[in-house]
Amino acid sequence: MDHQNGRGVVMATGSISLAKAMWRGFRGKCPNCGEGHMFGRFLKVAEACDHCGEELFHQRADDFPAYLVMVVVGHLVVPAILAVETAYAPPVWLQLAVWLPVTLFASLALLQPTKGAIVGLQWQLGMHGFEAGKLRREAGALVLAKVNTRAA
């Protein structure tokens with residue numbers, strides 16, 4: 001039992017792949033257990049997982065998720081704008097009325113999942129303060145492997 005926050009500490013068994021950790025983060029779930037919520041608010045990462053107690057406050061995603069979102073949304077919206085302009089030549093006010101909200105909502109929709117994926121990446125690779133957790137997971141996997149070989 002984790003006496004600091006009153007939750008039970010549950011360690012995931014086995015190694016979690018980079019893709020799985022990032023996918024769990026993309027969905028806004030804890031990269032360790034896939035059950036708890038990663039975010040306390042829209043872009044505020046929770047101090048720890050509310051299900052397994054894994055510490056998440058070590059993350060340093062900074063501006064990287066925003067840069068990725070700008071690249072993705074830009075590569076989707078700009079060709080669409082050009083295609084509409086080439087095919088129909090609508091007035092500028094109509095272009096602005098359509099594409100500004102599309103860009104805004106697409107950016108807002110992708111920002112939290114992208115930040116979650118970056119936190120999952122940092123967690124799985126043991127970046128920043130996640131090194132201790134990664135060493136603990138690897139040590140647990142090593143102990144499980146030794147126990148399994150002795151039992152066989």
Side-chain angles (χ1 to χ4, degrees), residues 1-84 96 98-152:
M1 175 70 80
D2 184 359
H3 297 289
Q4 280 186 330
N5 56 20
R7 291 187 297 261
V9 177
V10 180
M11 288 186 60
T13 57
S15 178
I16 297 170
S17 70
L18 178 62
K20 189 172 198 174
M22 289 181 71
W23 177 246
R24 287 175 174 177
F26 189 84
R27 290 185 359 226
K29 301 294 182 184
C30 170
N32 185 46
C33 67
E35 298 291 325
H37 300 286
M38 180 181 288
F39 295 97
R41 292 187 303 242
F42 180 60
L43 291 177
K44 175 75 173 158
V45 177
E47 294 290 317
C49 174
D50 56 8
H51 184 261
C52 71
E54 181 75 9
E55 294 177 341
L56 300 172
F57 66 88
H58 302 294
Q59 65 85 23
R60 296 289 177 264
D62 299 328
D63 293 335
F64 188 50
Y67 295 143
L68 289 178
V69 168
M70 285 189 286
V71 167
V72 169
V73 171
H75 278 82
L76 295 174
V77 171
V78 170
I81 291 170
L82 293 174
V84 168
L96 291 173
V98 170
W99 296 112
L100 286 177
V102 166
T103 303
L104 174 68
F105 292 125
S107 297
L108 289 175
L110 284 175
L111 197 52
Q112 188 183 48
T114 303
K115 184 169 183 173
I118 298 303
V119 173
L121 170 100
Q122 292 175 349
W123 176 85
Q124 204 281 336
L125 295 178
M127 297 171 73
H128 308 295
F130 290 120
E131 297 115 355
K134 181 170 180 145
L135 292 173
R136 195 171 50 247
R137 290 190 307 273
E138 289 173 351
L142 183 62
V143 168
L144 285 174
K146 286 185 179 181
V147 168
N148 289 339
T149 56
R150 287 184 186 163

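Closest non-hydrogen pair, Cys52 versus Cys30, comes out as SG-SG, 3.7 Å. Nearest heavy atoms, Leu56 versus Pro31: CD2-CD, 4.0 Å. Residues Ala48 and Gly53 share a closest heavy-atom pair of CB-O, 3.9 Å. Among all heavy-atom pairs drawn from Leu111 and Leu43, the shortest one is CD2-CD1, 3.6 Å. Taking all atoms of both residues into account, the shortest heavy-atom contact from Trp99 to Val77 is CE3-CG1, 4.0 Å. Looking at every heavy atom in both residues, Ile118 comes nearest to Ala61 through CG2-CB, 4.0 Å.
Open room surrounds CH2 on Trp23; 12 or fewer heavy atoms of other groups in view lie less than 6.0 Å from it. In Lys134, the NZ atom is crowded: over 12 heavy atoms of neighbouring residues, nucleotides or ligands sit closer than 6.0 Å.
The CG atom of Leu108 sits 11.0 Å away from atom OG1 of Thr103, with the distance rounded to the nearest 0.5 Å. To the nearest 0.5 Å, atoms NZ (Lys20) and CG (Leu18) are separated by 13.0 Å. Distance check, rounded to the nearest 0.5 Å: CG of Leu110 to CZ of Phe26 gives 6.0 Å. Distance check: Glu47 CD to Glu54 CD gives 13.5 Å after rounding to the nearest 0.5 Å.
Contact check for Lys115 versus Met38: no side-chain heavy atoms found under the 4.5 Å cut-off. Side-chain contact check for Val84 versus Val98: every heavy-atom pair is 4.5 Å or farther apart. In this structure the side chain of Gln124 never reaches within 4.5 angstrom of the side chain of Arg24, judged on heavy atoms.
When atom types are taken as modelled, the side chain of Gln122 and the backbone of His128 share no donor-acceptor pair closer than 3.5 angstrom. At least one donor-acceptor pair under 3.5 Å links the side chain of Gln112 to the backbone N or O of Phe42.
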- Just do the side-chain contact (heavy atoms from CB on, under 4.5 Å) check on Glu55 and Phe130 with the steps written out, would you? CA-CA 8 Å; Glu55 294 177 341; Phe130 290 120; 5.9 Å; no
